[in-house]
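Let me begin by presenting the structure, written as structure tokens, before commenting on it.
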Amino acid sequence: MYLLRGENFLPLPLYRHIASFLSMFKLALIGLIIIGKDPFALCGMQAPGFWVWGQENKIYACMMVFFFSNMIENQCMSTGAFEITLNDVPVWSKLESGHLPSMQQLVQILENEMKMNVPMDTLPHHRS
């Protein structure tokens, strides 16, 4: 029996912390937009144009903050890893090769690995 397995690779801790911070900041910003509080007034500053636009167009502003923040969060959490192991033996690593295998390469690699790892008791016996 063959075990083909894939796993998620965690990004560097710095990128995970940035993504986590952005997630919290996104929720706080959307909350401020919805309730209409002006954080710039608390600092004694005049609200910039983008904030005034966001208060006039709350739905669009919330959607834009949500999607833009998610895009950056996903970039922070993406490692680009594509690692394949067969019976706990590394077969392909995008991190090492720098590219994804073509379908033909992948099938050929798996076939070769499966041929090399055939258990002795499944080989046909020849009588002499």
Side-chain angles (χ1 to χ4, degrees):
M1 179 174 181
Y2 295 104
L3 175 64
L4 187 62
R5 184 175 43 140
E7 296 178 14
N8 288 329
F9 270 63
L10 290 176
L12 296 173
L14 173 66
Y15 293 130
R16 289 195 313 254
H17 292 306
I18 291 171
S20 180
F21 171 77
L22 281 174
S23 180
M24 297 299 175
F25 183 73
K26 165 185 63 180
L27 294 176
L29 189 57
I30 289 173
L32 286 173
I33 291 170
I34 290 172
I35 62 173
K37 286 286 185 184
D38 184 3
F40 299 99
L42 296 174
C43 300
M45 299 169 51
Q46 183 177 355
F50 71 86
W51 187 259
V52 174
W53 177 87
Q55 291 303 303
E56 294 170 356
N57 303 287
K58 290 185 182 205
I59 293 174
Y60 291 123
C62 288
M63 287 175 47
M64 192 165 64
V65 167
F66 180 80
F67 288 120
F68 185 69
S69 175
N70 279 351
M71 179 184 68
I72 296 171
E73 287 172 47
N74 285 334
Q75 281 297 109
C76 287
M77 295 300 290
S78 176
T79 60
F82 184 78
E83 313 299 298
I84 301 173
T85 59
L86 181 64
N87 295 335
D88 293 327
V89 176
V91 175
W92 184 269
S93 172
K94 182 184 173 212
L95 295 176
E96 289 178 13
S97 68
H99 61 88
L100 291 171
S102 68
M103 185 57 87
Q104 185 179 11
Q105 279 179 312
L106 186 57
V107 169
Q108 184 179 12
I109 290 168
L110 291 176
E111 283 177 351
N112 291 341
E113 287 293 323
M114 291 168 121
K115 286 177 187 174
M116 290 187 335
N117 292 325
V118 174
M120 292 302 289
D121 59 352
T122 62
L123 293 174
H125 298 288
H126 295 285
R127 292 186 185 167
S128 31

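Keep in mind that the numbers below use all heavy atoms, side chains included, and drop hydrogens, waters and symmetry copies. On a predicted model such as this, the values are computed, not experimentally measured, just so you know.
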Exercise answer: donor-acceptor pairs, residues 21-43 side-chain atoms, under 3.5 Å, sequence neighbours excluded:
unit_1, atom_1, unit_2, atom_2, d
K26, NZ, N70, OD1, 2.7
K26, NZ, E73, OE2, 3.3
D38, OD1, F40, N, 3.0

Show me the donor-acceptor pairs, under 3.5 Å and distance only, between side chains in residues 101-108 and residues at least two apart or in other chains.
unit_1, atom_1, unit_2, atom_2, d
S102, OG, Q105, N, 3.1
Q105, OE1, S102, N, 2.9

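Hydrophobic clustering of Ile, Leu, Val, Met, Phe, Trp and Tyr side chains at less than 4.5 Å, counting indirect connections, unites M63 with W51. Side-chain heavy atoms closer than 4.5 Å link hydrophobic residues (I, L, V, M, F, W, Y) into clusters, and following such links, even through other members, never connects V52 to F50.
Applying the ring-ring contact (aromatic ring centres under 6.0 Å, His included) rule to pairs touching residues 79-115 yields W92-H99, sequence neighbours excluded.
At most 12 heavy atoms of other shown residues, nucleotides or ligands fall within 6.0 angstrom of atom CD1 in I59.
Applying the side chain to side chain contact (heavy atoms under 4.5 Å, CB included) rule to T79 yields the partners F9, P11, A81; only residues at least two apart in sequence or on another chain are considered. With sequence neighbours excluded, the residues satisfying side chain to side chain contact (heavy atoms under 4.5 Å, CB included) with P13 are R16, H17. For S97, there are no side chain to side chain donor-acceptor pair (under 3.5 Å) partners, not counting sequence neighbours.
Rounded to the nearest 0.5 Å, atoms CE (M77) and CD (Q75) are 12.0 Å apart.
Members clustered with Y60: W53, M64, by chain and number, using a 4.5 Å side-chain heavy-atom cutoff among hydrophobic residues.
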